[in-house]
Amino acid sequence: MIKIRIPATSANLGAGFDALGLALTFYNYVEMEESDKIEISSEDGTDIPADDTNLIYVSARDLFEVCGKKLGGLRLKQKNAIPMARGLGSSSACIVAGLVGANRLLSDPLSADDIVDLAAQIEGHPDNTAPALLGGIVTAVFDGRKVHWVKQEVFTKLKFAAIIPDFELKTEKARACLPTQVSHKDAVYNLSRAALFSASLLTGKFGNLRTAVHDRLHQPYRMELIPHCREIFDIAYDHGAYGVYISGAGPTIMAIVDEENKYFCGKMQFSLENAGIDGWSVHQFGIDNEGTRIE
Ligand code: HSE
């Protein structure tokens with residue numbers, strides 16, 4: 001059995017819609033081997049498709065096809081920690097697991113670049129799939145076929161506090177609410193902030209992050225789909241977060257905090273409960289610089 005560890009990811013990082021993402025120290029595990037039938041089980045009780053619609057299986061089959069092979073069956077054991085439809089890259093983790101595992105089953109015919117491209121073709125955008133595979137913070141442009149990317153490792157005293165609700169928000173719904181056109185002014189607003197985000201993160205100019213996470217392409221629309229979103233942003237800033245943004249398509253809200261802000265998660269959880277905002281839990285992660293690995 002091949003055992004694969006895949007990190008959760010947080011995409012967009014505020015203004016970098018479909019372009020920026022980073023990997024978190026929070027992991028799914030998949031064990032995989034070829035078989036004469038499809039046998040899929042969940043080690044943690046998560047409800048996952050156990051047939052040929054399973055995203056790990058579909059992605060593995062795609063890679064086999066690209067390599068001119070036919071994938072018959074597959075034995076998969078999934079251990080999912082990353083909650084589904086919460087904006088933490090659960091579907092990208094499945095896609096990357098399927099591609100990396102299938103590539104290893106075929107003795108690694110495809111390069112990391114090839115897998116980054118295939119993963120983005122399956123997902124439709126690269127900002128979760130690329131950091132899930134590569135780790136670190138990834139800046140990516142997807143031209144519909146190929147991803148042009150840079151991965152940068154991040155060594156920082158920052159922590160990422162994921163404020164995760166007990167409800168799902170499907171990416172399709174969170175993309176359907178976005179406008180089809182934006183003004184030139186709003187485009188400039190976003191591109192300047194997206195560039196500021198990665199430059200500030202990588203150079204330690206954390207005071208810029210509060211400005212850098214603002215955006216006009218997706219967060220104002222998605223906030224309407226996430227009850228208490230604005231209040232939660234305010235509470236996180238009151239507790240000293242450098243920047244707060246909707247992680248990926250949401251509904252998780254991510255607060256970037258200094259590691260010296262030791263009690264942020266506890267204070268946040270307490271304040272949410274005090275404000276009657278129920279069903280949210282706060283979890284702190286670091287940045288994973290390694291990406292997906294075969295153990
Ligand atoms: N960039 C994507 C979005 C990430 O915001 O829709 C979620 O898959």
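One-based numbering, in listed order, for ligands and for the atoms of each.
Near Asn128, with a cut-off below 4.0 Å to any heavy atom, the atoms of ligand 1 are 4 (C), 7 (C), 8 (O). Applying the 4.0 Å criterion to heavy atoms of Asp127 picks out, from ligand 1, the atoms 1 (N), 2 (C), 4 (C). Which parts of ligand 1 touch Asn12 is read off a 4.0 Å heavy-atom cut-off, strictly below it: atoms 1 (N), 3 (C), 5 (O). Distances below 4.0 Å separate heavy atoms of Phe17 from the following atoms of ligand 1: 3 (C), 5 (O), 6 (O).
Under the side chain to side chain contact (heavy atoms under 4.5 Å, CB included) rule, Ile226 has a single partner from Ile232, Thr252, Leu169, which is Leu169.
Residue, atom and distance of the protein heavy atom nearest to atom 8 (O) of ligand 1 are His125 CE1, 2.9 Å.
Contacts of Gln219 with ligand 1, taken as heavy-atom pairs under 4.0 Å, are absent altogether. For Asp18, heavy-atom contacts with ligand 1 shorter than 4.0 Å involve the backbone as well as the side chain.
With hydrogens and angles left out, the side-chain atoms of Asp143 and His148 include a donor and acceptor closer than 3.5 Å. Looking only at atom types and distance, the side chain of Tyr245 has a donor-acceptor partner in the side chain of Ser10 under 3.5 Å away.
At a 3.5 angstrom cut-off on N or O pairs, Arg175 counts as close to ligand 1.
Residues forming a side-chain hydrogen bond (donor to acceptor under 3.5 Å, both in side chains) with Trp280 (at least two apart in sequence, or on another chain): none.
A salt bridge is absent between Glu260 and Lys159: the closest approach of a Lys/Arg side-chain nitrogen to an acidic carboxylate oxygen does not fall below 4.0 angstrom.
Using a 4.0 Å cutoff on heavy atoms, Lys170 does not count as a contact of ligand 1.
Between Thr139 and Leu20, some side-chain heavy-atom pair lies under the 4.5 Å cut-off.
With hydrogens and angles ignored, the 3.5 Å screen pairs a side-chain donor or acceptor of Arg86 with a backbone N or O of Pro165.
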